[in-house]
Amino acid sequence: MSRQRMTCAEATLRSMVDAGADRLFDMPGRGVYPLLNELPKFPQLAHVTAPHEFPLAAMADGYARIRGQASFLNLYMSTGVLNGASAIFVAARDRVPLVVTATQAESWAVGADHRAEISDIIASVRPFTKWAWMPPTPDRVPEAMRRAYTIATTPPYGPTFVAIPVDYWNQEIEYTAWTPTILAQVRVDPADERIEEIARAVERAEFPLLVVGYEAIMAGVSEDLMALASRYSCPIVAEPDPAMLPTPVQFELFGGTLVEAAELVERADVILHVGVNTYEAVHGRVLHAGRSKRHFWMGSSGRELNKVALAEIAVIGPVGPSVAALAAACRKSGEGLTDPRLRQRAAEVREQIAADRRHLDESREEAWDAQPMSVARICAELRTALPPETVLVEHATTATLLVRENFPLPTSRHYVCASASCQGWGLGAAVGVSFALGAAPVVAIIGDGGFLFGMQAIWTAVQYDRPLLVVILNNGGWSSMRGSVARGAAAVIEAGMDLRFGWEADYAAICRGLGATAERVKTPPELTSALERHLPLLKGPVVLDVVCRQEPKSSRSPFVGY
């Protein structure tokens with residue numbers, strides 16, 4: 001192994017490069033400059049910055065989601081960590097591998113209440129990281145970086161955190177070059193009696209159902225699960241608040257999210273949960289409604305097991321090999337392919353899904369020429385103008401269902417969202433996705449409330465010439481909060497307090513002030529004209545502030561029951 005003497009700052013950057021990083025998302029500030037001074041030694045490590053830690057952390061998140069590798073994020077001290085905490089929390093929720101480093105006060109001054117110090121920064125980040133540590137001496141920083149990367153990139157994935165006192169940077173230490181460990185995916189035997197039992201349960205069920213989560217999609221098993229669903233006329237539903245969809249929306253057996261597909265779930269007698277990570281107590285009501293059910297589980301973490309439904313059998317480990325073994329076990333049986341009950345079940349599933357979507361089709365037709373424009377009309381215009389391979393980063397909150405239904409995508413990998421509640425995440429994440437995809441087309445569809453939370457990301461998109469189309473759904477305010485206040489605290493509104501979260505803001509003017517090409521759009525012809533002017537080749541970020549109507553609450557909304 002190659003060993004060299006170098007500063008701790010250089011060793012920290014070298015650790016990132018040895019891990020395969022090609023980009024550092026970094027916020028300069030007190031104590032970071034010795035690190036930046038070493039950066040020119042690593043031309044393979046591109047530097048990305050932002051005027052605020054929150055969108056910067058969201059960029060690192062979006063970048064990691066697309067690349068399927070850990071992102072490296074460096075933040076300024078405790079206040080910077082707290083600024084970025086919301087986006088790191090989203091990464092933890094969605095099991096996105098991030099290695100987060102942050103400066104800390106000088107080692108001899110920790111606990112002296114420096115004006116930018118939390119004396120126990122490690123304790124503050126532990127609830128939303130897999131692992132967090134402040135190495136006690138400079139020579140252990142490379143060890144900390146190796147461990148942080150390894151822990152972040154072994155299932156279940158997630159963010160890790162290393163605090164580095166600023167007096168460490170310029171101290172000379174010994175560095176040993178390393179390469180990431182090859183992680184072998186252990187094969188699961190299709191003949192294993194537990195796999196066999198799950199396969200037989202799905203085969204013999206009267207009405208089986210698959211609930212598929214983000215972990216399964218990132219493991220690359222969507223096609224296997226769609227084949228399994230087709231074989232047994234078995235509906236697939238996404239986990240609640242999905243960060244990615246398990247199938248294209250047009251797949252005939254896709255029923256939407258767990259809450260949207262409540263009628264299908266109610267009929268199920270066998271449910272297989274695959275890579276699910278977003279169940280909450282409220283979802284127990286959906287999973288236990290209707291007939292008695294048998295539950296089976298596949299996932300990388302026992303932490304999610306038996307959260308809301310008790311599983312008879314759980315296969316804990318990498319999702320890819322588990323699903324492959326299940327698919328092989330099912331293929332061994334010739335049962336089911338010509339069984340009349342499967343044809344009948346397929347017809348029933350398709351009819352239920354069609355019925356669930358019928359009101360969306362009706363509302364789309366009714367509001368097609370509405371003024372202000374409907375979200376469905378906006379999405380249809382975008383879909384017509386944008387290339388089929390466009391990646392959608394969606395953070396439209398109350399309009400999420402309408403966007404998913406009216407902006408069809410070729411594969412589940414063309415859709416990026418967040419399962420966690422975090423206003424403002426979408427714009428930063430879209431910039432990160434754009435970095436990861438290079439010149440490939442990316443569109444961000446976000447709500448106006450979310451834009452106000454994360455607008456600083458526009459600055460980064462401008463500075464780095466990202467070819468990104470941002471569509472702001474401007475319905476006159478923060479709609480999700482406006483609705484929840486009206487439902488939960490109507491008395492304060494009746495008393496005259498203005499908690500409706502409505503506003504008249506010129507988002508296009510804000511974005512032009514940050515250097516982006518931006519314009520306000522009010523009618524379908526204006527939208528068509530704007531898209532024709534700016535597409536197909538974007539030369540930097542383009543923002544369309546699209547005035548739209550306040551959509552009526554849907555009975556299939558993901559927010560039903562909250």
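The figures here come from the full heavy-atom set of this structure, side chains too, leaving out hydrogens, waters and symmetry mates.
- Note on Arg200 versus Glu197: no salt bridge recorded, every NZ/NE/NH1/NH2 to OD/OE distance being 4.0 Å or above.
- Two residues are said to be in side-chain contact when any heavy atoms from C-beta on lie closer than 4.5 Å; Val308 and Val286 fail this criterion.
- A donor-acceptor pair shorter than 3.5 Å can be found between the side chains of Glu215 and Ser300.
- No salt bridge links Arg345 with Glu206; every basic N to acidic carboxylate O contact stays at or beyond 4.0 Å.
- Heavy atoms only, all atoms of each residue included: Ala530 and Val521 are closest at CB-CG2, 4.2 Å.
- A donor-acceptor pair is defined here as one N or O able to donate and one able to accept, closer than 3.5 Å; such a pair exists between the side chain of Lys293 and the backbone of Val265.
- A heavy-atom distance below 4.5 Å is not found between the side chains of Thr384 and Thr528.
- Minimum interatomic distance between Val276 and His273 (heavy atoms only, all atoms of both residues): CG2-CB, 4.2 Å.
- A salt bridge links Arg377 with Glu381: the distance from a Lys NZ or Arg NE/NH1/NH2 to an Asp or Glu carboxylate oxygen falls below 4.0 Å.
- No hydrogens or angles considered: nothing links the side chains of Asp241 and Thr278 as a donor-acceptor pair under 3.5 Å.
- Side-chain rings of Trp478 and Phe453 approach one another, their centers coming within less than 6.0 Å.
- The main-chain N or O of Leu386 is never found under 3.5 Å from a side-chain atom of Thr390 such that the two would form a donor-acceptor pair.
- In terms of heavy-atom proximity, Ala268 sits nearest to Leu209 at CB-CB, 3.9 Å.
- A salt bridge is absent between Arg358 and Glu362; no separation between the charged side-chain nitrogens and carboxylate oxygens falls under 4.0 Å.
- Remark: Gln250 CD is packed, more than 12 non-hydrogen atoms of other residues, nucleotides or ligands lying under 6.0 Å away.
- Looking only at side-chain heavy atoms (C-beta outward), Leu210 and Val237 stay at 4.5 Å or farther from each other.
- Looking at Asp94, its side chain never comes within 3.5 Å of a backbone N or O of Val96 through a donor-acceptor pair.
- Distance alone, capped at 3.5 Å, places no donor-acceptor pair between the Asp269 side chain and the Ser292 backbone.
- No donor-acceptor contact under 3.5 angstrom links the side chains of Glu239 and Thr257, judged on distance only.
- For residues 309-327, the pairs satisfying side-chain hydrogen bond (donor to acceptor under 3.5 Å, both in side chains) are Arg294-Glu312, with sequence neighbours left out.
- Residues Asn277 and Arg95 have side chains that bring a donor and an acceptor to within less than 3.5 angstrom of each other.
- A donor-acceptor pair under 3.5 Å links the side-chain atoms of Ser412 to the main chain of Leu245, judged by distance alone.
- Checked by atom type and distance alone, the side chain of Ser222 pairs as donor or acceptor with a backbone atom of Pro246 at under 3.5 Å.
- Gln423 places a side-chain N or O within donor-acceptor distance of the main-chain N or O of Gly450, the cut-off being under 3.5 Å.
- For the residue pair Arg93 / Ser419, a side-chain donor-acceptor distance below 3.5 Å is found, with atom types taken as modelled.
- Considering only heavy atoms from C-beta on, Ser86 comes within 4.5 Å of Phe54 through its side chain.
- With a 4.5 Å cut-off on side-chain heavy atoms, Ile378 and Val546 count as touching.
- Arg413 places a side-chain N or O within donor-acceptor distance of the main-chain N or O of Met218, the cut-off being under 3.5 Å.
- At distances below 3.5 Å, not a single donor-acceptor pair connects side-chain atoms of Asp61 with backbone N or O atoms of Ala57.
- Look at Glu405 and Arg357 and you find a salt bridge, because one of the NZ, NE, NH1 or NH2 atoms lies within 4.0 Å of a carboxylate O, short of that distance.
- Annotation: cation-pi pair Arg65/Tyr214 present, NZ/CZ under 6.0 Å from the ring centroid and within 45° of its normal.
- A salt bridge links Glu304 with Lys307: at least one charged nitrogen is closer than 4.0 Å to a carboxylate oxygen.
- Judged purely by atom type and a 3.5 angstrom limit, His283 uses its side chain to pair as donor or acceptor with the backbone of Glu280.
- In this structure, the side chains of Asn406 and Val375 stay at 4.5 Å or more apart for every pair of heavy atoms.
- Residues Ala58 and Ala87 come closest through the heavy atom pair N-CB, 3.6 Å.
- Counting heavy atoms from C-beta on, the side chains of Phe451 and Asn474 never come closer than 4.5 Å.
- In this structure, Arg350 does not pair ionically with Glu348, as no charged nitrogen and carboxylate oxygen lie closer than 4.0 Å.
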